[in-house]
**Q** 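Take this structure, written in structure tokens, and hold onto it; I'll ask about it next.
To find a chain, count down the sequence lines: A is the first, B the second, and so on, and within it residues start at 1.
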There are 2 protein chains.
Amino acid sequence: MTELLWGKEPARTRGPKPAITLTAIAEVGIAIADAEGLDAVSMQRVAGELPVTKMALYRYVPGKTELVAVMSDLAMGGPPDRPDLPWREALRTWAVDLYDGFTRHPWLLQSTIGRRLLGPNELAWMERGVAALTGTGLSGGEQLDSILVITSHVRNIAQQSTTFPGHTTGLTEEDMQLSLAEILSTEADRFPHLTTAMRTSAGSENQGLEFGLQRILDGLELLISGRTD
Amino acid sequence: MTELLWGKEPARTRGPKPAITLTAIAEVGIAIADAEGLDAVSMQRVAGELPVTKMALYRYVPGKTELVAVMSDLAMGGPPDRPDLPWREALRTWAVDLYDGFTRHPWLLQSTIGRRLLGPNELAWMERGVAALTGTGLSGGEQLDSILVITSHVRNIAQQSTTFPGHTTGLTEEDMQLSLAEILSTEADRFPHLTTAMRTSAGSENQGLEFGLQRILDGLELLISGRTD
DNA sequence: GAGTAACTGTGTCTGCCGGACACAGTAATG
DNA sequence: CATTACTGTGTCCGGCAGACACAGTTACTC
């Protein structure tokens with residue numbers, strides 16, 4: 001598995017040439033996931049778009065889990081190169097880059113949760129994240145925790161702002177808002193603070209990413225400036 | 001669907017008495033999910049632990065999606081009562097309570113993502129969250145964004161710290177750490193900052209919740225104190 | 001060159017899953 | 001008593017991941 005993700009080929013010897021490649025498989029999977037959601041990716045479906053049957057895929061990949069892992073690391077790609085910046089700006093652009101990645105492939109939000117083996121690209125993202133924080137006086141653990149907080153935030157915003165192809169219950173953002181509004185109107189007394197908060201926030205939306213990001217960066221700045229004193 | 005979650009019964013008239021109840025179904029589902037993970041919850045399995053066949057469940061619930069929604073809101077429960085506290089302490093205990101909820105039913109992390117209809121308990125949690133922030137001078141939108149950031153953080157920490165029954169690839173935390181350590185040892189030059197960060201963070205773990213929480217609260221405090229001036 | 005070993009792709013089969021649908025039984029209403 | 005509305009059941013479908021035996025292909029070894 002680690003070998004799959006890190007691209008160690010087992011050095012072919014005899015036997016027929018493979019008809020396809022792992023990367024080709026992963027790319028097909030990515031295309032399907034992009035277009036129709038992660039749930040549309042089945043071994044059948046992937047094989048159907050390759051000159052090969054379903055079972056042949058198992059020659060390249062131990063199981064679906066591993067396929068999705070390979071797809072994920074490939075789709076994620078590495079973090080884009082950015083000029084050196086002070087830690088705060090560096091971390092902010094890092095977060096925005098990450099957000100862009102998730103909006104490009106929304107299914108990554110599903111496929112990269114929980115305990116899993118990390119691929120080279122995912123590690124490269126982490127590398128750039130902690131790199132931004134070296135020299136701030138934060139300990140290694142604090143650096144890791146910091147980028148973790150930011151990652152959580154970015155993921156969550158991406159989740160709620162991007163519209164998923166397939167998979168979801170077919171609810172539009174409108175449906176949700178509508179149902180929520182209806183509930184809050186009939187049960188306003190049970191949720192007074194929520195009701196007024198919702199009402200006064202009606203128009204302004206979509207700056208959730210920046211809001212949370214600035215709060216977190218502010219918090220980090222406080223810690224860092226206290227640390228370097 | 002909204003009716004299901006909000007417990008509006010359709011006022012029975014004729015026909016046989018139902019053999020079971022929606023809540024009973026949900027409770028069975030919760031028990032299974034707690035013990036073996038959300039993926040172990042199938043209509044078959046749930047019906048198997050009730051005096052009823054699989055198809056009978058569809059008399060109580062339109063489909064599996066809705067069953068999981070009902071299970072989720074029920075398992076989540078309402079937020080515990082807490083004494084009134086200044087906003088920062090109130091928000092912190094709110095976050096910790098939320099964290100406890102997620103560790104009690106880890107599968108909630110899976111079942112409560114993305115666009116979905118909100119149940120009474122989920123709204124009650126939000127209510128308590130924004131309630132903590134009223135009177136801080138934050139706008140409604142800011143209040144909502146604030147509790148969203150905290151929720152993301154809590155969820156993410158819960159995700160990585162709790163061990164899931166079933167479902168996941170069967171990786172233990174050790175497996176991950178081990179594989180990571182191995183990779184970083186062979187490819188240390190590709191991830192220099194990450195490597196040193198990992199090395200220096202070796203022993204100390206598990207305060208990820210508090211770390212991020214304090215940073216976020218610090219950030220909010222900065223905003224709030226600037227706002228009330 | 002012949003034989004063999006290692007490899008690739010295929011077809012078939014099993015056991016799950018969610019759900020559609022027709023049907024029989026049951027309880028309240030007229 | 002007949003009708004009507006409801007509940008639970010059995011059967012069936014398509015789709016899924018994957019196990020496994022098998023046939024074809026290629027390179028190495030004698």
**Q** Round to the nearest Å and state the distance from Met55(A) atom CE to dA23(D) atom P.
**A** 17 Å
**Q** Any side-chain N or O of Tyr60(B) less than 4.0 Å from the OP1 or OP2 oxygen of dG8(D)?
**A**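 Yes, because at least one side-chain N or O of Tyr60(B) sits under 4.0 Å from OP1 or OP2 of dG8(D).
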**Q** Roughly, in whole Å, what's the span from CE in Met43(B) to P in dC16(C)?
**A** 18 Å
**Q** Among dT10(C), dG10(D), dG18(D), which is the nearest nucleotide to the side chain of Lys64(A)?
**A** dG18(D)
**Q** How many whole angstroms separate atom NZ of Lys54(B) from atom C1' of dC17(C)?
**A**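 Computing the Lys54(B):NZ to dC17(C):C1' distance gives 7 Å.
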**Q** Does Tyr58(B) or Arg59(A) map to a spot on DNA chain C nearer the 5' end, using the closest nucleotide for each?
**A** Arg59(A)
**Q** Nearest-Å distance, CG (Leu67(B)) to C1' (dC17(C))?
**A** 14 Å
**Q** Where the side chain of Pro16(A) is concerned, which of dA17(D), dT26(D), dT7(D) is the nearest nucleotide?
**A**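 Side chain of Pro16(A) sits closest to dT26(D).
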**Q** How would you list, by chain and number, every residue that makes a side-chain contact (heavy atoms from CB on, under 4.5 Å) with Thr195(B), sequence neighbours excluded?
**A** Leu184(B), Ala188(B), Phe191(B), Arg199(B)
**Q** Taking only Lys NZ, Arg NE, NH1 and NH2, and the carboxylate oxygens of Asp or Glu, determine whether Asp145(B) and Arg215(A) approach each other closer than 4.0 Å.
**A**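 So Asp145(B) does not pair with Arg215(A) through a salt bridge.
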**Q** Please give, in whole Å, the distance from dG10(D) P to Gln44(B) CD?
**A** 12 Å
**Q** Is Asp34(A) reaching over with its side chain to a backbone N or O of His105(A), donor-acceptor style, under 3.5 angstrom?
**A** no
**Q** Separation of Leu57(B) atom CG from dG19(C) atom C1', in whole Å?
**A** 12 Å
**Q** Is a salt bridge present between Glu127(B) and Arg190(A), judged by a nitrogen-to-oxygen distance below 4.0 Å?
**A** no
**Q** OP1, OP2 of dC16(D) versus side-chain N and O of Ser42(A): anything below 4.0 Å?
**A**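 Checking Ser42(A) against dC16(D): at least one side-chain N or O falls below 4.0 Å of OP1 or OP2.
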**Q** Closer than 3.5 angstrom, by distance alone: can the side chain of Arg116(B) be matched with the main-chain N or O of Gly114(B) as a donor-acceptor pair?
**A** yes
**Q** Between Lys17(A) (NZ) and dC7(C) (C1'), how many Å, whole number?
**A** 11 Å
**Q** Per the atom types in the model, does the base of dT29(C) pair as donor or acceptor with the side chain of Arg14(B) at under 3.5 Å?
**A** no
**Q** Using atom CD1 of Ile20(B) as one end and atom C1' of dT9(D) as the other, report the distance to the nearest whole Å.
**A** 13 Å
